[in-house]
Engineer: 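Could you have a look at this structure, given as structure tokens, before my questions?
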Amino acid sequence: MKFDMNKKIVTLVNSLREGTAGKTCMGTGNYSFDIITRREYPDGFVVGKRNKYEEKILTMEIGNTCGNVMTMLPYLGVKTFPVAKFDVSPQGYQMKRDMKAYGADVRFVSNMLGGGTTILRCMHKLDDQGQPTMGHKGSTAGKPWTGMSARPCRKYLSSKGGEVEALVNKMDFTPDVFFFDVAQAGHRILAEKLRERGTLVYFECDSDGHRIEDERRRVATYRAFLRCVEASDVVKMSGEYVQDLSFADAYQDKLFVQTMGADGLKFKLGGGEWNKLDPIVNPDYKDYEGAGDWTSSTLIAVLCSKGLLKVKDMTEEAIKEALMMAQQMASYSVGFVGSKGLIHADETFKLQDDTLEMPHYTKKLMYLHGSASAGYSRTSMGILQYLPEDWQLLTPDCSTDAEECMKMLQELCEREKPDLIIGSSQGGYYAQMLKGYKRICVNPALEMSKDVDVKVGSHQFVVNRQDGVQKYTITPEIQEGYRRLEAHQFEGITDFDRENCFGLFGDKDADWGYCKAIFAEHYPHIHTFPGGHKMEYEEIERYLMPLIKKLV
């Protein structure tokens, strides 16, 4: 089925906005900082060959299922109240700002040391046969992201310590709809409590566990899935993740929806039979990302608009109509790149004020990362874990041009006036040269011109950077800049520097361990720890944190 999308979508969006005025939706679950990129081939694409390509960043903003629904619904007129605990990284703050800009009320969104932020890179590229495909890559605080390994960053609501009860008691309203997409206890308990208040609960299932090989985990996941189904009024699932629908026969008080990709979708209302709806095809398809989230967002908006916030008030005909609208919006969305591409293309939609009230800091620290890395890395997140709440940690991304980087860092220090600078590896190389500040140089790479990451040629960053860039190039001129800095790096050391610049060296550092002797020629304060070049979290806590607190 094809249709004139633009006219129908404008009419649909306008009608929904009229009907959803005053309606609210609270949500919690999966959030991520999405970097949408496109791989371009300047010399063309030849099947069977390694084709030269360039990567272009299209958008960088909040995403993932709950993140999208909480920012799509305001576009359709529904006020949203996301619940989340992000970390204090630049991306963590950006996600909160994004939600506010799209129209969400962020009173239940916090940035804290114990929070989490997942960065997900979505790459549009061509496969080996030259056909369009998508690639996904991500990280959690600099570590590899492979689905469930990001789980700690999805626990935005704990089931322990009365956290859910405190949240509910703090609420001065009852949302019309509650959306959640993770089968974890905290989310489910909140769903149960809001359902008791009369809220329509919408569960977007991410898995029933049938593909898990370990039997105990598979059974536990399925049990958690069923408990969330029990706590919900509307259950939406993908045929890819939930295939056996026999469980639905046990429930007479719910609306079940299963999406089937190119085959459309089907639904089951109460004790009725499954009804299938044909897909709506968009001939201008560009990107399927976000189609499922638009389906959920539009369905929620339609239910709010039509006053169908109780399953007993729903009819099969009304749900069929609602789902056809949801399919129209989802089909239209795939004509744009990025999950919220259609919002970006709407010139009538204006982002709202995204300013945030930042916390008051009593101390300001700066962390400088190693080569081919970024400020938001495993080490900086490790340091953050052990800092007092009122201490700020600045984590700039260092330029790969040493002289350019030193100029940037000197200007940053003059502006921010950090109480302490901590540099690791290449960051220690820079920290040592930032004279006049208290510094800790962790395994400093004092002869960076010899480092493999700054050899002439093309290199890959190992951690996501704020600008989304993945590759960098070292030219002979840049490498010579490292040599020029090294030739003068110990000039101008004062008594203050000798007293306030500490070296911390791993006794098993096979990379730059020999720099301990070079450092000791200029500074008297030398400390060691029983570890290698990169500090583990327990080493940060036991050996680095005492030095930090001694100097600050």
Engineer: Are the side chain of D397 and the backbone of R465 linked by a donor-acceptor contact shorter than 3.5 Å?
Structural biologist: no
Engineer: Show, in sequence, the C-alpha distance, side-chain angles and deciding distance for R17 and Y75, and conclude whether the side chain to side chain contact (heavy atoms under 4.5 Å, CB included) test is met.
Structural biologist: CA-CA 8 Å; R17 288 173 178 171; Y75 179 75; 3.2 Å; yes
Engineer: Where is the tightest heavy-atom contact between A224 and A183, given as atom of each residue plus distance?
Structural biologist: CB-O, 3.8 Å
Engineer: Salt bridge (Lys or Arg N to Asp or Glu O under 4.0 Å) for R107 and D172? Distances and angles first, verdict last.
Structural biologist: CA-CA 12 Å; R107 69 180 73 175; D172 58 0; 3.5 Å; yes
Engineer: Restricting to ring-ring contact (aromatic ring centres under 6.0 Å, His included), what partner residues turn up for F108, sequence neighbours left out?
Structural biologist: none
Engineer: Is there a salt bridge (Lys or Arg N to Asp or Glu O under 4.0 Å) between E192 and R188? Walk through the geometry before answering.
Structural biologist: CA-CA 6 Å; E192 292 169 346; R188 173 181 53 77; 3.0 Å; yes
Engineer: For the backbone of G264 and the side chain of K276, can you confirm whether one donor and one acceptor N or O come within less than 3.5 Å of each other?
Structural biologist: no
Engineer: If every non-hydrogen atom of P279 is compared with every non-hydrogen atom of Q327, which pair is closest and at what distance?
Structural biologist: CA-OE1, 3.8 Å
Engineer: Could you tell me whether a side-chain N or O of Y332 sits under 3.5 Å from a main-chain N or O of L342, the two making a donor and an acceptor?
Structural biologist: no
Engineer: Under the salt bridge (charged side-chain N to carboxylate O under 4.0 Å, His left out) test, which residues partner R195, sequence neighbours left out?
Structural biologist: D233, D253
Engineer: Check whether any side-chain heavy atom of I36 sits under 4.5 Å from a side-chain heavy atom of E289, and report yes or no.
Structural biologist: no
Engineer: N30 and T65: side-chain donor and acceptor closer than 3.5 Å?
Structural biologist: no
Engineer: Applying side chain to side chain contact (heavy atoms under 4.5 Å, CB included), run through T295 and K236 and close with a yes or a no.
Structural biologist: CA-CA 10 Å; T295 300; K236 175 176 171 282; 3.8 Å; yes
Engineer: Tell me whether D34 contacts the main-chain N or O of E61 through its side chain, where contact means a donor paired with an acceptor under 3.5 Å.
Structural biologist: no
Engineer: With a 3.5 Å cut-off and no angle check, do the side chains of T117 and D87 form a donor-acceptor pair?
Structural biologist: yes
Engineer: May I ask you to check whether Y222 and F247 place their ring centres under 6.0 Å from each other?
Structural biologist: no
Engineer: Taking the side chain as every heavy atom from C-beta outward, state whether T259 and E240 have any pair of such atoms under 4.5 Å apart.
Structural biologist: no
Engineer: Can you tell me how far the CD atom of E316 sits from the NZ atom of K320, to the nearest 0.5 Å?
Structural biologist: 10.0 Å
Engineer: Roughly how far, to the nearest 0.5 Å, is the OG1 atom of T71 from the NZ atom of K100?
Structural biologist: 16.0 Å
Engineer: Looking only at heavy atoms, which two atoms of K23 and C304 are closest? And how far apart?
Structural biologist: CE-O, 3.6 Å
Engineer: Determine which pairs satisfy ring pair (Phe, Tyr, Trp, His ring centres under 6.0 Å) with at least one residue from residues 272-298, sequence neighbours left out, and list them in order.
Structural biologist: none
Engineer: Looking at E18 and S305, would you say the former's side chain and the latter's main chain have a donor-acceptor pair under 3.5 Å?
Structural biologist: no
Engineer: Looking at OG1 of T221 and CD1 of I212, how far apart are the two atoms once the value is rounded to the nearest 0.5 Å?
Structural biologist: 3.5 Å
Engineer: Salt bridge (Lys or Arg N to Asp or Glu O under 4.0 Å) for K125 and D127? Distances and angles first, verdict last.
Structural biologist: CA-CA 7 Å; K125 58 183 179 180; D127 63 18; over 6 Å; no
Engineer: Using modelled atom types only, decide if a donor and an acceptor are shared between the side chain of D206 and the backbone of V182 within a distance under 3.5 Å.
Structural biologist: no
Engineer: Just verifying a value: how many Å separate D284 CG and S331 OG, rounded to the nearest 0.5 Å?
Structural biologist: 9.5 Å
Engineer: Measure from the side-chain N and O atoms of N64 to the backbone N and O of C66, and report whether any donor-acceptor pair falls under 3.5 Å.
Structural biologist: no
Engineer: Do you see a donor-acceptor pair shorter than 3.5 Å between the side chains of Q94 and D98?
Structural biologist: yes
Engineer: Is the backbone N or O of V83 less than 3.5 Å from a side-chain atom of Y31, with the two atoms forming a donor-acceptor pair by type?
Structural biologist: yes
Engineer: Only counting residues at least two apart or in another chain, list the ones meeting ring-ring contact (aromatic ring centres under 6.0 Å, His included) with F267.
Structural biologist: none
Engineer: Give me the ring orientation class for Y251 and F256: parallel if the planes are under 30° apart, tilted from 30 to 60°, perpendicular past 60°.
Structural biologist: tilted
Engineer: Let me confirm one number: the NZ-CG distance from K254 to L269, rounded to the nearest 0.5 Å.
Structural biologist: 12.0 Å
Engineer: How would you list all residue pairs meeting ring pair (Phe, Tyr, Trp, His ring centres under 6.0 Å) that involve residues 189-210, not counting sequence neighbours?
Structural biologist: F179-Y202, F180-F203
Engineer: Determine, step by step, whether M314 and L303 satisfy the side chain to side chain contact (heavy atoms under 4.5 Å, CB included) criterion, reporting the C-alpha distance in whole Å, the side-chain angles of both residues, the deciding distance to 0.1 Å, and the verdict.
Structural biologist: CA-CA 9 Å; M314 301 176 186; L303 294 178; 4.2 Å; yes
Engineer: Centres of the F461 and Y472 rings: under 6.0 Å?
Structural biologist: yes
Engineer: At their closest point, which heavy atom of S377 faces which heavy atom of Y367, and how far apart are they?
Structural biologist: OG-CE2, 4.0 Å
Engineer: Using the salt bridge (charged side-chain N to carboxylate O under 4.0 Å, His left out) criterion, which residues pair with E40? Sequence neighbours excluded.
Structural biologist: R38
Engineer: Are S159 and H187 close enough, and set up right, to give a side chain to side chain contact (heavy atoms under 4.5 Å, CB included), and what steps lead you there?
Structural biologist: CA-CA 8 Å; S159 60; H187 309 305; over 6 Å; no
Engineer: Step through the shown structure and confirm whether more than 12 heavy atoms of other residues, nucleotides or ligands are within 6.0 Å of CD on E273.
Structural biologist: no
Engineer: Of all heavy-atom pairs between V168 and L190, which one has the smallest distance, and what is that distance?
Structural biologist: CG2-CD1, 3.6 Å
Engineer: Within 45° of the ring axis of F86 and under 6.0 Å from its six-membered ring centre, is that where the NZ or CZ of K96 lies?
Structural biologist: no
Engineer: Within a radius of less than 6.0 Å around CZ of R227, do more than 12 heavy atoms belonging to other residues, nucleotides or ligands occur?
Structural biologist: no
Engineer: Checking the side chain of T24 only, and the main-chain atoms of D176 only, is there a donor and an acceptor separated by less than 3.5 Å?
Structural biologist: yes
Engineer: To check you understand the geometry: which heavy-atom pair defines the closest contact between L308 and A318, and what is its length?
Structural biologist: CD1-CB, 3.9 Å
Engineer: Without swapping roles, check the side chain of K310 against the backbone of G198 for a donor-acceptor pair under 3.5 Å.
Structural biologist: yes
Engineer: Is it the case that S296 and E204 place a side-chain donor and acceptor less than 3.5 Å from each other?
Structural biologist: yes
Engineer: Which word best sums up how the rings of F173 and F81 line up, parallel for under 30°, tilted for 30 to 60°, or perpendicular for over 60°?
Structural biologist: tilted
